[in-house]
Amino acid sequence: MTSRRDFLKVTGAAGAGLVLGLHLDAKSRPGETAKVLFQPNAFLAVRPDGTVLITIPKAEMGQGVRTALPLAVAEEMDLDWSRVEVATAQPGPEFKNMQTGGSTSVSTTWTPLRKAGAAAREMLKAAAAAQWKVDAGQCRTEKGFVLGPGGKKLGYGALAEAAARLPVPKDPLLKKATEFRLLGKRTPRVDGPAIVTGKAVFGLDVRRPGQRFAAVLRCPVPGGRARTWDEAKAKAVRGVKAVVQVPTGIAVVAESTWAAFKGREALAATATWDEGPARDFSSAALEAKMRAALAGPADDARREGDPAKALASAAKVLEAEYSFPYQAHATVEPMNATAVILPEGAEMWAGSQSANRAQERAAAALGLKPDQIKVHVPLIGGGFGRRLGTDFSTEAAQVAKAAGGGPVQVVWDREDDVRHDLFHPATLHRLRAGLDGSGALAAWTHRIAGPAVLRSWTGGQKSPAQAAVESNGALDIPYAIPAIAVDFAEVEAPTPLGWWRGIEIVPNVFARECFLDEVAHAQGQDPLALRLQLLGSRGLVKFGREEADIRRLKKVLEVAAAKAGWGKKRPTGRGLGLACHAYDGRTYAAAVAEVSVAKGQLRVHKITCAVDCGLVVNPAGLEAQVEGGLAFGLSALYSQITWEKGRTVQTGFHDFPVLRLADMPAIEAHVVPSAEAPSGMGEPPVPLAIPAVLNAVFAATGKRIRQVPVGPDSFK
Amino acid sequence: MPAYQLTVNGRARTVDAEADTPLLWVLRDTLGLTGTKFGCGQGVCGSCTVHLDGQAVKSCQTSLREAAGHAVLTVEGLSKDGTHPVQRAWIAEDVAQCGYCQPGMIMTAAALLKRKAHPTDGDIDEAFADHVCRCGTYPRVRKAVKRAAGGVK
Ligand code: FES
Ligand code: FES
């Protein structure tokens, strides 16, 4: 959401052409003076040669922001897209919120970016008009030029200096959707050519003069510490330069990554550990606690009508338990960061989804002020929420300092990355549905038990929003049911937690959409018909702080069902299943999966998805997010992290499987056209994959699966 | 410490490192060719795929000793200017999301097409069995391989 205080101002001119600072995120804080009331988040610069540099305040991790955000500026400004360069911002006074997550990058920057482009366009037009001594109304812009009466034409580069001296229009007119030249067209990713030639620089590809590489020997139990170790063993490895202690473990600093790994291996053989308070933690023990919590006290997230009474007086009560395991992020680029200590502060390269936090935390660890650390954000080889954490970036700063300044690149190997993830926690779900005498759904209760992810973001404190956040996806069940109760029973676990693509909506929507399917079958109803009936003819509906337009949800459901051929006869052994969700009331998505099960083997043939995410900025990017989101969700059907003796059983892609090409179903993405402001698409498809597939498994086999992950035994 | 000779992207290189050093780290840390990626070091993600005498191999599972005396091709050497048919197809299909797994995929695709000009879906499944893309670019990978094979115009 943009603030009404958004404004634009010229921040510099001489020599650089026109530089427009774009101010958004205006928050006044007590005690601050007026001049810092407005915080710029993005910049664009027109260079004298007519090329335009757009600096974006978000990290690129595959979601396409380096393409989508500049497109909004370029559209309004009428730029020649081939002459646009894109840079990623650095955190600092000018970029105070670079946080990239929650599928919010486009929705929160859309209007300010367009306004920045439109203001620049008006200023360039005015500059040309003044030079030609004509009225600005007689001028128009096209592909980087201002065109005036009588065939007059000037490039933006030539006009930039003059334009920069003009006042910035407060409320420049934005284009109508029908005038769009770039938005809504398929635009390939700007980083494509660098990626396919190997030139793209990810965090691990950062190379600084004199750079060393480090691997940290960490206690396999999170929170544990090394008690004794023999650094001579590591130093005996060729290429090892230093062995230093940091809060996360013992770092081996070497001339190459391989030498660091070998040195660490030698060191590991000598280390003894104080495994800390988590040393006895196990998945089995947690499950017992979660099961007990299903019947214990809980915090209400939503309560409507009188569910207890409605259940007591129901003609029929259905009850089921669903479970979802711990999950890892498993980005293909493992965690890493590079740091160097400088006389005036420090410099870091960290693929962070939260560069400002990375800067603050590293500063605190080094005893510096945040503005003494320059943070570069290279391309990110997969984020999915993992890189909202600052553990890996702070650690690199600490290793650099302990090792005499660096530059040093701390490289996590795959086992480090899996074992020391900021995990998505397990949950158990108990759902009850009461059917009245006529068979109608009269009551719905959904109890969620598990560790609270939100605490990972609030320094371990219990937030008043905890129950609502942890039940996202369950709380906002979009169906009209007279009595509803959704609550959350927290179960403590000593494991690091963090945000994961889709977060709570993945398990919560899985339980909700599968259990609704159970209700339909118990009623002898078609699952699509039941959903349409329960969505009814309602419009805007409020869920806690969010509001969703039920009509838009209904529409995507109808489109997905129609495109998938819902209700048409299938070959024997095949089944269709569906799921839908209104993501934070912003993005509407429905999916229909087609599966078969043969000899205990599940095969997902196709997922047909319909989405409404408001105006589509870049259809190519949108489809990629639908494909990727469904793949991520589907992958979670097969993977889990389990704990024994305080450590993860899994150590890599061999035992934490990620979906492979041969198992990727055909994906069909249908966009329901919308003129609403654009919303995000990184997460909305994720929670649909599992319930759509498992509902399809039921349709194909009559077997109801309520436990993730599935294995060969699930289908027996 | 013996020095090892190998040809990388057509250029003769001499590398002074331990014999068991994976080719991956020789490329990335010694020779500065960071286009080849580290994803697992366990031989199960395919990010580190390069060509050894024209065959796709996982450079994290290939030691310097094994690579010595052979010709190594990395994504940086696939073409001078990004115009190898596989690279062009990859751009045309806009395959990459985060892009991290992509150089490995591209090297596998190039080796596959050299072996089999018109691969079937089954051939593609098999060739990419050891690749992980967490971003889920698979449908486009398949399309791009077919496009590079001349199947999609
Ligand atoms: S890094 Fe070699 S297969 Fe994963
Ligand atoms: S594009 Fe991100 S891992 Fe494949």
Side-chain angles (χ1 to χ4, degrees), chain A residues 60-64 186 188-189 191-202 204-205 207 213 238-239 255-259 261-262 329-334 379-384 411 413-415 620 624-625 627-632 635 652-654 658-662 664 666-667, chain B residues 1 17-18 20-22 24-26 28-30 32-42 44-45 47 74-76 78-79 81-82 84 86-88 90-92 94-103 106 124-142:
Chain A
E60 177 65 65
M61 50 187 180
Q63 81 285 40
R186 305 183 72 88
R189 295 276 308 280
D191 296 309
I195 287 169
V196 303
T197 51
K199 292 193 188 98
V201 175
F202 295 86
L204 269 183
D205 303 332
R207 293 290 181 267
F213 300 85
R238 185 186 176 213
E255 280 171 346
S256 70
T257 314
W258 183 243
F261 285 169
K262 293 258 284 191
H329 295 81
T331 61
V332 181
E333 181 193 17
L379 291 179
I380 295 180
F384 317 121
V411 183
D413 71 4
R414 179 53 47 192
E415 185 171 337
Q625 287 302 298
E627 290 163 4
L630 290 169
F632 195 92
S635 206
F653 289 125
H654 53 285
V658 166
L659 196 76
R660 306 267 167 160
L661 182 138
M664 181 75 188
I667 304 285
Chain B
M1 182 64 42
E18 297 283 348
D20 69 349
T21 308
L24 170 65
W25 300 114
V26 171
R28 289 184 53 83
D29 294 355
T30 313
L33 293 168
T34 54
T36 304
K37 304 301 184 200
F38 169 56
C40 69
Q42 300 162 325
V44 288
C45 80
S47 308
T74 73
V75 69
E76 289 97 337
L78 196 55
S79 67
D81 45 7
H84 185 282
V86 170
Q87 289 168 318
R88 291 210 317 256
W90 237 254
I91 295 285
D94 205 15
V95 177
Q97 288 189 33
C98 83
Y100 193 78
C101 70
Q102 305 280 312
I106 286 168
I124 297 173
D125 288 352
E126 205 183 301
F128 288 91
D130 283 351
H131 284 266
V132 169
C133 174
R134 188 59 157 154
C135 297
T137 59
Y138 302 127
R140 293 172 186 214
V141 168
R142 193 184 292 281

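Note on naming: letters A, B, ... go to the chains in the order of the sequence lines (proteins, then strands), and numbering restarts at 1 for each one. The shown structure was predicted, so the numbers you read here are calculated from the model rather than taken from an experiment.
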> Is it the side chain or the backbone of B/Ile106 that comes within 4.5 Å of chain A heavy atoms, both, or neither?
Replying inline: side chain
> What is the ring orientation for A/Phe261 with B/Phe38, classed by angle as parallel under 30°, tilted 30 to 60°, or perpendicular over 60°?
Replying inline: tilted
>> Check B/Arg140 with A/Glu627, please: is the shortest side-chain N to carboxylate O separation under 4.0 Å?
In response: yes
>> With a 4.5 angstrom heavy-atom cut-off, is it the side chain or the backbone of A/Arg207 that approaches chain B, or both, or neither?
In response: side chain
>> Tell me which of these, A/Ala259, A/Ala330, A/Ala200, A/Gly192, has more heavy-atom pairs under 4.5 Å with chain B than the rest.
In response: A/Ala330
> Between B/Arg28 and A/Asp205, does a side chain to side chain contact (heavy atoms under 4.5 Å, CB included) hold up when you go through it step by step?
Replying inline: CA-CA 8 Å; B/Arg28 289 184 53 83; A/Asp205 303 332; 3.0 Å; yes
> For A/Ala620, is it the side chain, the backbone, both, or neither that has a heavy atom closer than 4.5 Å to a heavy atom of chain B?
Replying inline: both
>> Assess the residue pair B/Cys40 and A/Phe653 against the criterion (side chain to side chain contact (heavy atoms under 4.5 Å, CB included)); give the C-alpha distance rounded to whole Å, side-chain angles, the decisive distance to 0.1 Å, and a yes or no.
In response: CA-CA 8 Å; B/Cys40 69; A/Phe653 289 125; 3.9 Å; yes
> If you tally heavy-atom pairs under 4.5 Å against chain A, which of B/Val132, B/Thr137, B/Leu24 wins?
Replying inline: B/Val132
> Do you know which two heavy atoms are closest between A/Val658 and B/Cys133, and how far apart they sit?
Replying inline: CG1-O, 4.4 Å
> So which heavy atom on B/Tyr100 is nearest to which on A/Gly381, and how close?
Replying inline: CB-CA, 3.6 Å
> Do you know which of B/Gly39, B/Ser79, B/Cys98, B/Cys101 has the most heavy-atom pairs under 4.5 Å to chain A?
Replying inline: B/Cys98
> Do you know the tightest heavy-atom contact between A/Val332 and B/Ser47?
Replying inline: CG1-OG, 3.3 Å
> With only heavy atoms counted, which part of B/Ala96 is less than 4.5 Å from chain A, the side chain, the backbone, both or neither?
Replying inline: both
> Does A/Arg186 come within less than 4.0 Å of B/Asp94, counting only side-chain N to carboxylate O?
Replying inline: no
>> A cation-pi test, strictly: NZ or CZ of B/Arg134 under 6.0 Å from the centre of the six-membered ring of A/Phe632 and no more than 45 degrees from its axis. Yes or no?
In response: yes
>> If you count heavy-atom pairs within less than 4.5 Å of chain A, which of B/Ala129, B/Gly32, B/Ala92, B/Cys45 leads?
In response: B/Ala129
>> Can you tell me which portion of A/Lys262 sits under 4.5 Å from chain B's heavy atoms? Options are side chain, backbone, both or neither.
In response: side chain
>> Is B/Ile124 in contact with chain A via its backbone, its side chain, both, or neither, using a 4.5 Å heavy-atom distance?
In response: both
> So, the side chain of B/Asp29 versus the backbone of A/Ser256: is there a donor-acceptor pair under 3.5 Å, distance only?
Replying inline: no
> Can you find a pair of side-chain heavy atoms, one from A/His654 and one from B/Gln42, that are under 4.5 Å apart?
Replying inline: yes
> Tell me, side chain or backbone of A/Val411 under 4.5 Å from chain B's heavy atoms, or both, or neither?
Replying inline: side chain
> Are B/His131 and A/Arg660 side-chain neighbours, meaning at least one heavy-atom pair lies under 4.5 Å?
Replying inline: no
> Could you go step by step and tell me if A/Trp258 and B/Asp20 meet the side chain to side chain contact (heavy atoms under 4.5 Å, CB included) rule?
Replying inline: CA-CA 10 Å; A/Trp258 183 243; B/Asp20 69 349; 3.7 Å; yes
> Mind checking whether A/Thr197 and B/Glu76 have side chains closer than 4.5 Å, heavy atoms only?
Replying inline: no
> Is it the side chain or the backbone of A/Ala631 that comes within 4.5 Å of chain B heavy atoms, both, or neither?
Replying inline: side chain
> Considering all heavy atoms of both residues, which atom of B/Pro103 and which atom of A/Ile195 are nearest to each other, and what is their separation?
Replying inline: CG-O, 4.0 Å
> Quick one: of B/Gly35, B/Pro22, B/Cys135, who has the most non-hydrogen atom pairs under 4.5 Å with chain A?
Replying inline: B/Pro22
>> Report which part of A/Phe202 has an atom under 4.5 Å of a heavy atom belonging to chain B: side chain, backbone, both, or neither.
In response: side chain
> Between OG1 of B/Thr21 and CZ of A/Arg238, what distance do you get to the nearest 0.5 Å?
Replying inline: 8.0 Å
>> With a 4.5 angstrom heavy-atom cut-off, is it the side chain or the backbone of A/Met61 that approaches chain B, or both, or neither?
In response: backbone
> Of all heavy-atom pairs between B/Arg142 and A/Leu661, which one has the smallest distance, and what is that distance?
Replying inline: NH2-CD2, 3.4 Å
